[in-house]
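This report refers to the structure that appears directly beneath it.
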Amino acid sequence: MPGRVFEEVVLPHIDAAFNYARWLTKSDADAEDVVQDATVRALRFFSSLRNEDARAWLLTIVRNTWYARFSKPSSADQHVLLEETDERPDERLDPEALAMQRQAIERVQRALGELPVDFREVIVLRELEGLSYKEIAAVIGIPIGTVMSRLARGRERLLAVLAPQATGGGRELF
Amino acid sequence: MNCSDVDGVLDAYGDHELGPEEAANVRAHLDECSACRDQVAARAALAHLIRRVPYYSAPDRLRVAVATARRPARVPPRVLALAAMVIVAVSLGGTTVIRTVRARQTASATTAAAREVVGDHVRALMGAHLFDVRSTDQHTVKPWFLGKLDFSPPVLDLAPLGFPLVGGRVDSIGGRAVAALVYQRRLHTINLFVWPASDSSEAPTDSRSVRGFQVRHWTRDGMAFWAVSDLNDLELEQFVAALNR
């Protein structure tokens, strides 16, 4: 991207990079290390960034950095629940409904954290970053069909955890 | 399509990743099949919840690391700025030249100031010098500036509104001593720079993004205000609104 300055391209996506790293590592400190390393790599590869989407490009580097450092399974498989109170509850709901929604969000967060990372990351990239299947495939380096099947299986697991007594539906609990 | 066909593409359907024809086929099946409709609804409800789990924002340290990572730019920014000015000048008609020149001078002064306050924000976060006075009490911070500045900056604690004051310092912007008030929002730092405005007219809020940081500038009661943060747009707007209540 001739004429563009590194920080102007990367800074707008630094939250996305950190959020992804945080969901991959489940640790603030590890996520910060990964993103720190990733930005050093990104700077080195910056001249190779052409016209593709900078966010997907940065997320790919974050993913590769994480993979190189942390891919050994269960290095830090515990997590802290809702240590940041950043959830965005619906303002239209009454207090009781809000409390129920907050509980549901906490359950989803916990369940998502407990999913195997293969499922977890596709859901994070899809739902929190809004990436297309094609972009997710590029970030992770897997075929689009695999993105689709991981999303399907990940969501089924979440639904099963969240609505054990509901058969097939699941709306009752939300 | 039958239920098992639809079951295989439920996620792609909900994610709008199907082609128009296939999506229409799924819709046709859903019109007739309440079991599959429930599946779609369950996924939509799940997506709704997932999007509300905490979004982990990057700590300021990372932003600073990126903002200060350097490699030489191929074209010096000054040349780019000059080129932009030439383009602006060329693209404007002759009759408005004088007004444009003045507007451009104001605009370029504003741009220079924006760059300076962002540079100062970054340096302060790098640990060089964030606080001269560290206090959450506006009645401690305001008198602290007495005698250190030739004006008295308004100091408001916005803790009840979610933006606690954490301290202040004296800084130098464009060669003049200015007040820098430090506010916090979760892990994010907001630097609010205040100095006497060069002209007394009230200016509406100027919003811009410099090096990935959000910048808001306005003039009120003879004071120029600059708020700089890595907060998102919306929250910095809230901060500005809270200050101007």
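As a basis for the values below, the full set of heavy atoms in this structure was taken, side chains included, without hydrogen atoms, waters or symmetry mates. Lettering follows sequence order; numbering is per chain, from 1.
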Is chain B contacted by the side chain of A/A16, its backbone, both, or neither, given a heavy-atom distance below 4.5 Å?
both
Segment of A/S132 engaging chain B (4.5 angstrom heavy-atom cut-off)
both
Looking at A/E106 and B/R52, is there a salt bridge between them, counting it only when a charged N and a carboxylate O are closer than 4.0 Å?
no
Chain B interface, residue from A/E127, A/H13, A/E156 that has the most non-hydrogen pairs under 4.5 Å
A/E127
Spacing of [X] atom [atom1] and [Y] atom [atom2] [to the nearest 0.5 Å]:
| X | Y | atom1 | atom2 | value |
| --- | --- | --- | --- | --- |
| B/R43 | A/L151 | CZ | CG | 10.0 Å |
| A/R126 | B/I50 | CZ | CD1 | 11.0 Å |
| A/F18 | B/L62 | CZ | CG | 6.5 Å |
| B/H48 | A/I105 | NE2 | CD1 | 7.5 Å |

Would you check, one step at a time, whether the test side chain to side chain contact (heavy atoms under 4.5 Å, CB included) holds for B/Y55 with A/E129?
CA-CA 10 Å; B/Y55 192 93; A/E129 297 305 334; 2.6 Å; yes
Does any non-hydrogen side-chain atom of B/R63 lie less than 4.5 Å from one of A/D15?
yes
Short side-chain to backbone donor-acceptor contact, A/N19 and B/Y56, under 3.5 Å:
yes
Counting distance only, does the side-chain N/O of A/E32 pair as donor-acceptor with the main-chain N or O of B/P59 below 3.5 Å?
no
Which residues from residues 4-12 of chain B are near chain A, with near meaning under 4.5 Å between non-hydrogen atoms?
B/D11, B/A12
With sequence neighbours left out, what residues match B/R208 under side-chain hydrogen bond (donor to acceptor under 3.5 Å, both in side chains)?
B/T111, B/D206
